[in-house]
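Working notes, beginning with the structure itself.
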Number of protein chains: 2
Amino acid sequence: MDAFEEPETTREEILAAAYRALCTHGYAELTVERIGEEFDKSVSLIYHHYDGKDDLLVACLEFMLESYRSETEAGPVSDPREAMERLCDRLVLTDAPPGGQRFVRALVGLRGQAPHNGAYRDYFTRSDRFFGDRIEAIIEAGIEDGSFRDVDPERAAAMINTVFSGAFVRYATTDDERWIPAVREELRAYNERTLYADPDGDGT
Amino acid sequence: MDAFEEPETTREEILAAAYRALCTHGYAELTVERIGEEFDKSVSLIYHHYDGKDDLLVACLEFMLESYRSETEAGPVSDPREAMERLCDRLVLTDAPPGGQRFVRALVGLRGQAPHNGAYRDYFTRSDRFFGDRIEAIIEAGIEDGSFRDVDPERAAAMINTVFSGAFVRYATTDDERWIPAVREELRAYNERTLYADPDGDGT
DNA sequence: CGCTTTTGATTGAACGTTTATTCAAAAAGA
DNA sequence: TCTTTTTGAATAAACGTTCAATCAAAAGCG
């Protein structure tokens with residue numbers, strides 16, 4: 001995550017340290033001390049800046065989401081079809097970035113806290129909604145400019161978003177990988193068959 | 001889970017206690033002591049029967065999967081279309097059983113351990129494969145008897161299985177529920193459009 | 001059948017480690 | 001000097017696990 005490259009305040013240094021420790025150890029083996037190891041200054045300083053471990057980690061998630069948002073926000077979608085394809089490629093792991101596995105694993109570990117922790121659940125509710133809205137916006141733009149069929153954007157977006165979540169979880173919690181190309185191809189086919197307008201057709 | 005209703009050995013009593021404690025407290029707040037509270041006999045007896053907490057919980061998962069397997073195995077699929085619909089209804093939470101939310105939350109909490117724990121990862125690899133195979137078998141049966149189109153069973157099964165995983169995770173880690181009917185409808189539409197054969201058609 | 005030995009189930013108490021968090025005080029900066 | 005930042009040590013609780021001891025039943029044996 002390049003958002004952590006040049007921390008400008010101590011608070012940001014701590015976020016970056018938390019991110020690094022998270023990727024190195026995964027959530028379950030993440031201790032405040034290990035975060036401290038990735039951090040120049042002392043462990044107890046963390047408590048001066050954040051209320052505690054969970055508070056810090058939620059802040060870290062939030063920071064990442066915010067970075068992604070500002071990295072990728074480009075106002076109106078100019079080429080919906082390409083936007084959809086890029087998003088699918090990015091989120092169904094066609095081109096896993098280096099160290100991506102570690103990150104996805106950590107993320108899923110964090111998500112595993114959400115069932116019994118309201119703060120995490122709030123975050124993932126928001127982040128799910130964020131990605132859902134992104135997908136929906138692409139579909140709406142596609143319908144508008146005629147490159148997509150006249151589907152229900154909310155419905156299709158919900159489906160695609162669910163596929164994303166599922167792919168992440170399976171990727172992080174499974175030693176199997178045979179399903180990955182299958183899902184990728186099938187999702188592509190789904191887009192072709194139900195989202196993209198027939199080039200020669202009437203949209204039915 | 002009715003499989004735990006009549007435990008016949010001490011080992012099974014312990015599994016049942018673990019299941020109850022899991023549903024009551026969720027994974028993250030699950031301690032061996034709390035399992036003991038759901039169990040007639042003493043805490044340390046657990047260690048006589050299982051190697052430790054994780055060993056017990058994996059055994060518990062395995063027991064549940066095995067129960068599901070024997071509950072539902074019905075040899076060859078007689079009505080593929082109905083089988084697919086029942087599976088989707090069951091796994092995309094149309095009819096959430098009472099207490100189902102608690103159980104799904106616990107399950108997702110456990111799944112969150114898999115990224116950094118080989119035993120859990122092994123289990124979820126196997127269980128994913130189990131459900132994948134089930135779905136694939138239904139599709140194959142449908143193609144065979146002409147009620148489904150001639151799709152690639154592995155590809156379609158991978159997609160549907162990923163939707164299931166995603167739905168579980170979103171259900172357990174989110175306070176939003178608007179997406180649920182949307183996914184349900186869209187999955188149904190996916191089945192209609194790409195799996196089921198045209199009643200009047202030639203399968204293209 | 002009686003007697004002894006062995007085995008497995010069961011218990012309660014205790015141990016030792018890990019971990020998040022706090023706090024008083026030093027250092028730095030304005 | 002007053003405020004903010006930073007530190008190292010201390011705290012206190014939680015938790016998984018171990019262990020020595022008890023007990024009942026089964027097995028072996030004469």
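Throughout, a chain's letter reflects where its sequence line sits, starting with A, and its residues are numbered from 1.
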Salt bridge flag under 4.0 Å for residues Asp176(A) and Arg126(B):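 Salt bridge between Asp176(A) and Arg126(B), a charged N being under 4.0 Å from a carboxylate O: no.
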
Between Glu29(B) and Arg34(B), is there a salt bridge with N-O shorter than 4.0 Å?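 No.
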
How close or far is atom [atom2] of [N] from atom [atom1] of [X], stated in whole angstroms?
X         : N       : atom1 : atom2 : answer
Phe39(B)  : dG12(C) : CZ    : P     : 12 Å
Asp55(A)  : dT21(C) : CG    : P     : 10 Å
Asn117(B) : dG16(D) : CG    : C1'   : 15 Å
Ile46(A)  : dT19(C) : CD1   : P     : 14 Å
Lys41(B)  : dT10(C) : NZ    : P     : 4 Å
Leu56(A)  : dT19(C) : CG    : P     : 16 Å
Tyr27(B)  : dG16(D) : OH    : C1'   : 12 Å
Ile35(B)  : dG16(D) : CD1   : P     : 8 Å

Less than 4.0 angstrom between a side-chain N/O of [X] and OP1 or OP2 of [N], yes or no?
X        : N       : value
Thr10(B) : dT10(C) : yes
His48(B) : dA9(C)  : yes
Tyr47(A) : dT21(C) : yes

Pick out which of Tyr68(A), Phe164(A), Phe124(A) makes a ring-ring contact (aromatic ring centres under 6.0 Å, His included) with Phe131(A).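 Between Phe131(A) and the candidates, ring-ring contact (aromatic ring centres under 6.0 Å, His included) is satisfied uniquely by Tyr68(A).
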
Look at the side chain of Ser44(B) and decide which nucleotide, out of dT17(D), dG12(C), dA20(C), has an atom nearest to it.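 Nearest to the side-chain atoms of Ser44(B), counting from C-beta on, is dG12(C).
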
Measure from the side chain of Leu45(B), starting at C-beta and using heavy atoms only, and say which of dT11(C), dT18(D), dT6(D) lies closest.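 Looking only at side-chain atoms, Leu45(B) lies closest to dT11(C).
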
Any donor-acceptor pair under 3.5 Å linking the side chain of Arg155(A) with the backbone of Ala182(B)?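 Absent.
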
Phe103(B) vs Tyr19(B) aromatic rings, parallel, tilted or perpendicular, using cut-offs 30° and 60°?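 If you compare the ring of Phe103(B) with that of Tyr19(B), the planes turn out tilted.
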
If you look at every strand shown and take non-hydrogen atoms under 4.0 Å, does Leu30(A) touch a base, only sugar-phosphate, or nothing?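 Contact class for Leu30(A): sugar-phosphate only.
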
For Thr31(A), answer base if it contacts any base atom (sugar-phosphate contacts may also be present), sugar-phosphate if it contacts only those atoms, and nothing otherwise; contact means non-hydrogen atoms under 4.0 Å.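 The answer is sugar-phosphate, as Thr31(A) gets under 4.0 Å only of primed atoms, P, OP1 or OP2.
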
dG12(C) base to Ser42(B) side chain: any donor-acceptor pair below 3.5 Å?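 In this structure, the two groups form no donor-acceptor pair.
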
